[in-house]
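These values consider heavy atoms only, across backbone and side chains, with no hydrogens, waters or symmetry-generated copies. Below, chain A is the first sequence line, B the second, and so on; all start at residue 1.
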Amino acid sequence: MIANSALSEAGALFVVSMAYFSLVCVVIRNLVSLLQLGAAAWVFSRRIKPAPRSIDLWSRYDDLAPPVSVIAPAFNEELSIVDSVMALLALHYPEHEVIVVNDGSSDATLATLIAAFALVPSDRQQSVALQQTRVRGVYTSLSYPNLLVVDKENGRKADAANAGIGFAATPLVCVIDADSIIEPDGLLRATEPFMTDNGDLVAVGGAIRVVNGSTVRGGHVEQVRLSRHWLPRFQVIEYLRAFLAARVANAHFGALMLISGAFGIFKRSVLVEIGGYRHDTVGEDLELVTRIHRHMRDSNRPYRIEFVPEVVCWTEAPETLAGLRNQRARWEQGALETLVRHRAMIANPRYGRIGVVAMPLIVLEDVIGPPAELLGYLVVPVCYALGLLSPTLALAFLALTFVYGTGISVATLALEEKQLRRTPNAADLGRIALAAVLENFGYRQINLVFRLRGMWRFWHNDTTWAAVPRVGFDRGAEQRTEWPLAADRRSAGEASSSLGDAEPIDTGTGEGAIARQAGATR
Amino acid sequence: MTSFASLLDTGASFATAISAVFALAMIVWMAALYWRRHNHEEDLVIQRVGDMAISRSLLVALAANDDPLEPALVNACDGARARRVITHLLLLVRGNDGQRLSDLAERSGLLDAWFGQLDQPRTSQRVDAMRMLEQFPGPRTIAALTGRMRVDSDHSVRLEAAAGLARIGRLPPPRTIIETLDLTQRTTNRLHEAIFRAAARDNVAELITLSHDPGLGPVRAQIVESLGWSEDFSILATLAQHASDANWEVRCAVLRAARRLGHPAVEPWATAMLLDPVDEVRIQAARTSGTLGFRRAIPILATLVENPSWWVRTRAAQALALLRPLQAAPIKATGLRQ
């Protein structure tokens, strides 16, 4: 009897400890998100206002902009590749080259490119081979001298980007996803920090928005609109938190750890020094920036990584829970892979604020935070029901998660409206504000479960590519295609590979780990 | 134990209250922003009509050669609207009309708010004001930007003022630029280069003198390069002198300037620089030879495709492709780094 009582007491103590642990984690994460939001607001209030019009940017920077190679990996994009490349060639930039890397597409991507751009074989060679697969051919365009097409065997996006970096001959490279839609003046805005750089700036990230619901024509966002579905609307809020709060603040403190795979500008020489993207991770963008930090600090060189909060790029967010699950699980898995690979940096003062602040924050957000919060949702009500936790504490947990989360989301949206005003109209602003409230009641919790799935994949060393089904953009009827196809074929590939077919490996050209720091805003 | 529990409860109550107040405050703020946007959208149609009326009156006055421009509508409307309309029209009109619009804005006091902002303590506000003012390049703007460039305590503001003056073609002489921006002591960037280029056309003689001043340090290369933007072939002799400069950055700058100038007289020394011991200089020489069509450089370029430097090999091969397109360089020439 006494033993039973002791056991139940120990059990009760354990459950209560779990509840307190969860509460403490939630409090710390909330404080971090509040600090980031405050820092972002401070940065916005003190920054030099960006040029409102493209023409102002152009007149200011046409003589300053350093040459850039835009590297676009493509896998099975035959229906959309021409539009995408035309849009890249039409970017407002004084001197840029577009390097399209056909990553062993099994459809007619290469043939389409050859026909559309009058491509002819070229003997242009790489300065350095960072890719692990064989380059089958290089083509230049008779009509567009600044277009280079590289045809290579199938690898993943990292491998394709590495091949492109090897061919780039400009000081800067801009690595994008094939389905990224770059704002016409996005390149000019994103390279702005390089124009007054004294040599220590190595990379710049830019803000990315959700394109779902908008009209896309000829590779450009013709009309910005909000999706009719709630899932993309919730992701709009997540992207705002990630890009307008977390990354602006982290960049301000010199602790930016992630430049999205959908759009990032890097000093080419630094990428070559560190060997380009790693092939053996699903979170290659986070890993790359972490490795840049590590490399520069190991070699005691001054460096900066900056962030431009203006919208430079649009990307499609998953519209189904299955797609969202795969995406978030992959982000989580990528974060864990990076943390394990660079564990020597965690809490290591040798790496300065990266080691002492930024890496532990990733641990909090990606390792401890999700299970702790989920645990809280389970344990706190149980503790309250059993009388182990006072109603005040139980209420505080709910307030700190649901109510405070709502406050942070709404505040980020308000910051966006005050500073950038990229929401199309008042009605859409209202809808996003509603999404900012609703996302804390269900969506947020589902995301935590998806991240646990990513942890599970990581522990089981599951390296299969988790597809993110797409629905394509809202195009004019005459241009309606199933673009982007890659994801659809990815699904097919996944199914067939499970049957033993030797399908090519996907480039992962969908979204990069764009809003991994979305979690960091909480 | 009881006091700890009550402390926890107090903390929890505090956290709950803070969360609720924070969320409520943010929702109220958001509602206010929503209301503002909603009203703004409703006003937009009326605002466009008003803007068009002002634009029309200004264009009529410009066409009638009214001097000075005194459209009543501009004086009647609020400053922000008038500034918006004039800024838009400035993009559309050319020549003297732009100057007249700019004078009107200055005379009507539309720019006073920005002139006042130049004295704000925050750097970003001063820079924002300068960027707005440079769209109205009247005498008062030029004086204000020149003053900022000389006296502002923040180097970035002085640099921005110089860039603004460069954009409106009113830069002070190069020596003044060097002194006010403290360029002999500071690391320079692409913006500094652009400023010197903008000053080149009006200050050739001074730039030539400065290009021989060894006390300038790294800026001297930028000075030499800017000579290429002078559009004055009399500087060719100066470039030829600097082609044998001890500083390799100056030699590179000479070649960039020569490329920009595009005069065939540079061929003898530009071709000779293909044999320079420094890779960077050979790269520039190869690019110059290819761009300017120096066929006499072909034999040296053909040897450079075997150079140990990948960049030298690549640029030499590219130059050869330009000079003899039917005879491509061997593929191994531009292969991976050796």
Rounded at 0.5 Å granularity, tell me how far [atom1] in [X] sits from [atom2] in [Y].
{"X": "B:L33", "Y": "A:L413", "atom1": "CG", "atom2": "CG", "answer": "8.5 Å"}
{"X": "B:D9", "Y": "A:L389", "atom1": "CG", "atom2": "CG", "answer": "8.5 Å"}
{"X": "A:N425", "Y": "B:R37", "atom1": "CG", "atom2": "CZ", "answer": "7.0 Å"}
{"X": "A:I408", "Y": "B:M26", "atom1": "CD1", "atom2": "CE", "answer": "8.5 Å"}
{"X": "B:R131", "Y": "A:K49", "atom1": "CZ", "atom2": "NZ", "answer": "11.0 Å"}
{"X": "A:T191", "Y": "B:R190", "atom1": "OG1", "atom2": "CZ", "answer": "9.0 Å"}

More than 12 non-hydrogen atoms from neighbouring residues, nucleotides or ligands closer than 6.0 Å to [atom1] on [X], yes or no?
{"X": "A:F402", "atom1": "CZ", "value": "yes"}
{"X": "A:R46", "atom1": "CZ", "value": "yes"}
{"X": "B:H88", "atom1": "NE2", "value": "no"}
{"X": "B:R170", "atom1": "CZ", "value": "no"}
{"X": "A:F441", "atom1": "CZ", "value": "yes"}

Using a 4.5 angstrom heavy-atom cutoff, name the option from [options] with the most pairs to chain A.
{"options": "B:H38, B:Q135, B:E41", "value": "B:E41"}
{"options": "B:A12, B:A15, B:S156", "value": "B:A12"}
{"options": "B:S124, B:G11, B:G164, B:A31", "value": "B:S124"}
{"options": "B:D128, B:L8, B:T16", "value": "B:D128"}
{"options": "B:R36, B:R186, B:E193, B:R126", "value": "B:R36"}

Closest contact, heavy atoms only, [X] versus [Y]:
{"X": "B:F22", "Y": "A:A411", "answer": "CZ-CB, 4.4 Å"}
{"X": "A:V403", "Y": "B:S19", "answer": "CG1-O, 3.5 Å"}
{"X": "A:L415", "Y": "B:W29", "answer": "N-CH2, 4.2 Å"}

Check whether [X] gets within reach of chain B through its side chain, its backbone, both or neither, counting any heavy atom under 4.5 Å.
{"X": "A:P66", "value": "both"}
{"X": "A:F194", "value": "backbone"}
{"X": "A:D197", "value": "backbone"}
{"X": "A:A65", "value": "backbone"}

Notebook entry, point to check: Which pairs count as salt bridge (charged side-chain N to carboxylate O under 4.0 Å, His left out) when at least one residue sits in residues 12-35 of chain B, sequence neighbours excluded?
Noted result: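 Salt bridge (charged side-chain N to carboxylate O under 4.0 Å, His left out) check on residues 12-35 of chain B returns no pairs.
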
Next item on the list: Would you confirm whether B:W310, through its side chain, and A:Q126, through its main-chain N or O, come within 3.5 Å as a donor-acceptor pair?
Entry: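 Yes, because the side chain of B:W310 sits within donor-acceptor range (under 3.5 Å) of the backbone of A:Q126.
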
Checklist line | Segment of B:T188 engaging chain A (4.5 angstrom heavy-atom cut-off) | finding: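 Backbone of B:T188 only, per the 4.5 Å heavy-atom cut-off to chain A.
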
Next item on the list: Answer with side chain, backbone, both or neither: which region of B:I18 has an atom nearer than 4.5 Å to a non-hydrogen atom of chain A?
Entry: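 For B:I18, no heavy atom lies under 4.5 Å from chain A.
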
Note to self: My understanding is that only residues two or more places apart in sequence, or in another chain, count here; which of them pass ring-ring contact (aromatic ring centres under 6.0 Å, His included) with A:F167?
What the structure shows: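 With neighbours one apart ignored, the set is empty.
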
Margin query: Run B:H40 and A:R421 through side-chain contact (heavy atoms from CB on, under 4.5 Å) and show every step you take.
Written below: CA-CA 12 Å; B:H40 174 74; A:R421 260 197 181 190; 3.8 Å; yes

